[in-house]
There are 2 protein chains.
Amino acid sequence: MNQWQGENNFAIFKSSVPISNQQVWQAFYQLHKEKIQVQKEKVAIEKLKTIIKATFKLSNQKGFSLMSLRDLSQETGMSMGSLYAYIGSKTQLAEMVHQFLPHMFDLCIGEQLDHKESPQQQLNKLIRGHIFITECLQPWFFFAFMETKHLSRSIKQLAKDNEAKSEILLGNIIEQGEKEGVFSQSDKFLTSMMIKSLLQNWYVKRNKYKQSKTDCESYIRFIEQVIGNYLEKS
Amino acid sequence: MNQWQGENNFAIFKSSVPISNQQVWQAFYQLHKEKIQVQKEKVAIEKLKTIIKATFKLSNQKGFSLMSLRDLSQETGMSMGSLYAYIGSKTQLAEMVHQFLPHMFDLCIGEQLDHKESPQQQLNKLIRGHIFITECLQPWFFFAFMETKHLSRSIKQLAKDNEAKSEILLGNIIEQGEKEGVFSQSDKFLTSMMIKSLLQNWYVKRNKYKQSKTDCESYIRFIEQVIGNYLEKS
DNA sequence: AATTAAAACGAACGCTCGTTCGTTATTGAC
DNA sequence: GTCAATAACGAACGAGCGTTCGTTTTAATT
C-alpha cells in the first residue's frame, strides 16, 4: 500500500511531466495561438501571464461576471484595446482557461494509467496524479470550478464530459478490485462520488489546508487511508 | 451504531421541527418583515415565494450576478416596481436568503445536541440533522454555496463564522471520542474537513444523487459507514 | 357608491458594461 | 536614420443594468 511513498512523490511527478512555470505558459500559448492577435511569442506569453493571473485575482474577489474589463485593464496596466488583442472577448477569456485544463490533464496523467496493475495501485496512481496536478494548477482549477456558469453550451458540455470520464474511470477501477476480490463490496457510485469530492476539496478549500499546514503528500496519505479502510478487505 | 435507524429517520425529523412548506415561508417572512413594504402577510408570503423560487431558477441557469431584475420581473410576472417593494435591492435579495439559513439551522438542530451522549451518537445526530435539513432546503443551501461572492463584508463574515462553528463542533466531538477511547487517533482537522465536504456534496451535487436514485437515508448510512470504518476502533 | 389606503405598474434616469476602431508609439530590419 | 510592420492606446458607442417615482389599478371600509 505504501510502496509509492518516496518512489512516486511530488518532486518526481513535477520532474517527469511538463508542468514547470515556463512549460505551463508555453502550453497555454500554444493551445490558443491562433486566437491571439499578437504575433511575437515572447511578448504574447508574458502578457497572457499577466492577464490570466489578474483574472484569477479579481475573480476570487468578486467573481468573474462582476469583474469588468476596466477592472482587468487597471489590474494588468494594459489598455482596453490591448486586452482585446489577447483575449478576443470576455467570454473567450473564460473559455480559454476552461479548455486548458483537460489539455494539461491529458498531457500529465492521461496516458500513465495501466490496466495490468493492481486495482490498489491504479487507484492510488489516479488519486496521486489528480492531487499533484491540481496542486500545480490550483488557481486554474479553482477558477474553473467556481465559474462554470458563464460558459457557452459547448464548453459546458466539455466540462461535464470530462467529469463523467473521471467518474467512470474511478468506477471501473473499483469494480475491477471487487472482481479480483481485493476490495469489499461497496456502492461504486457513492464511493467514486466521495473520492471525487475529496479530490476537489484540495483545490476548492486550498486556503484552509494551507492554514493548517497540510501539504499535498499528507493529504494523499489521508485519502488513501480513508478509502483503504473502507474498501480493502481486512 | 444503528440504533437510530427507524427511530430517528427523515419522516420523524420532518414532523418534529418546523420545516413544512408553509412553516418555512412563514419563517422567512417573519425574519425579513420589517424590510418588506407590502403589509398584508398573506400577499407578501405568496409573492416572496414566487420571487425566491424564480431567483433560484435563474441563478442556476446563469448565476445570480448575470440574472437581471428584468429577467426576474419576467419570470415572476411582476413589474420592476413591485419587485422592489419586496426585495429592497438586488443585493438585499441575496442577503435575505443567506441570513435565513443559519436562522433555520438554529431552529431545527441548534439545540438538539447533548454533550452527555456518546461521541458516536452525537456525531451521527449532527450528520443526520445536517443531511435532513439540507434535504428540505436544498435549493436554498445550493444558492448560498454558489453565490457567496456577491455579499457585503458583514454577511460574508457571518457565513464564515457559521462554517467555523460547525467545524469546531465536529472537531470537539471527535476529540471527545478519542479521549474516551471509542475513536482511534486521527487528524481531527482533516477528518472534520472530510465530513463537511461529504455533507456539502449532498446539496451541491443533488442532481447526480437524484439520478442514481440515492435517497438521503442511504446517503447517511454511507457516510456513517465510511466515518465509522475510519474512526472507530475495531 | 364613494372614499381611501395599499399594491402594482412601467417609463425614465444615470451609469457602467463589453466592444470597436482610428490614432499613436514601439520595434526591428535595412 | 528610415520605414514598414506590429503593438498599444483610449475615447466613443450602443445596449442593458439597477433603481426610482409619478401614476394607475385594486381592495377594503363606510
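So you know, we letter chains A, B, ... as the sequences are listed, proteins then strands, and number each from 1.
- Test A:Phe100, A:Phe105, A:Phe145 against A:Trp140 for ring pair (Phe, Tyr, Trp, His ring centres under 6.0 Å) and you get one pass: A:Phe100.
- Side-chain contact annotation: B:Ser59 with B:Glu147, donor-acceptor N/O pair under 3.5 Å absent.
- More than 12 heavy atoms of other residues, nucleotides or ligands sit less than 6.0 Å from atom NZ of B:Lys156.
- Going from atom CD of A:Gln37 over to atom P of D:dA5 covers 17 Å, rounded to whole Å.
- Cation-pi geometry between B:Lys14 and B:Phe10 is met: under 6.0 angstrom from the ring centre, within 45 degrees of the axis.
- Remark: P of D:dC17 and CG of B:Leu93 are 16 Å apart, rounded to the nearest angstrom.
- Looking only at distances, no side-chain donor or acceptor of A:Gln122 sits under 3.5 Å from a matching main-chain atom of A:Ile173.
- With sequence neighbours left out, the side chain to side chain donor-acceptor pair (under 3.5 Å) criterion links B:Ser197 to A:Ser197.
- For A:His32 (side chain) and A:Met96 (main-chain N/O), a donor-acceptor pair under 3.5 Å exists by modelled atom type.
- In this structure, the CD1 atom of A:Ile51 is 13 Å from the P atom of D:dA7, given to the nearest Å.
- For C:dA7, the OP1/OP2 oxygens have no side-chain nitrogen or oxygen of B:Lys47 closer than 4.0 Å.
- Between the CG atom of A:Leu83 and the P atom of C:dT19 there is a distance of 11 Å, rounded to whole Å.
- Between the two ends of the helix from C:dA2-D:dT29 to C:dC30-D:dG1, each summarised by a five-pair axis, the helix axis turns through 10° (rounded to 10 degrees).
- A salt bridge (charged side-chain N to carboxylate O under 4.0 Å, His left out) check over residues 31-59 of chain A, counting only residues at least two apart or in different chains, returns the pairs A:Lys57-A:Glu75.
- Rounded to an integer number of Å, the gap from CD1 of A:Ile87 to P of D:dC9 is 14 Å.
- For CD of B:Gln30, the number of neighbouring non-hydrogen atoms (other residues, nucleotides, ligands) closer than 6.0 Å is greater than 12.
- Whole-Å rounding puts the B:Gln74 CD to D:dG16 C1' distance at 14 Å.
- B:Ser89 comes within 4.0 angstrom of the backbone, heavy atoms only, and of no base.
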In B/S/- notation (B base, S sugar-phosphate only, - none; protein heavy atoms under 4.0 Å), nucleotides 20-30 of chain D written 5' to 3' is BB-----S---

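- Each of C:dA7, C:dA8, D:dC9 was ranked by its minimum atom distance to the side chain of B:Gln39; first place goes to C:dA7.
- Checking A:Asp161 against A:Gln157 by side-chain atom types alone, a donor-acceptor pair falls below 3.5 Å.
- Applying a 4.0 Å cut-off to non-hydrogen atoms, the residues of residues 53-72 of chain A that approach DNA chain D are A:Arg70, listed by residue number.
- The side chain to side chain donor-acceptor pair (under 3.5 Å) search around B:Ser89 returns none, not counting sequence neighbours.
- When the P atom of C:dG10 is taken as reference, atom CE of B:Met78 falls 12 Å away, rounded to whole Å.
- Between B:Lys90 and A:Ser79, the residue anchored nearer the 5' end of DNA chain D, judged by the nucleotide with its closest heavy atom, is A:Ser79.
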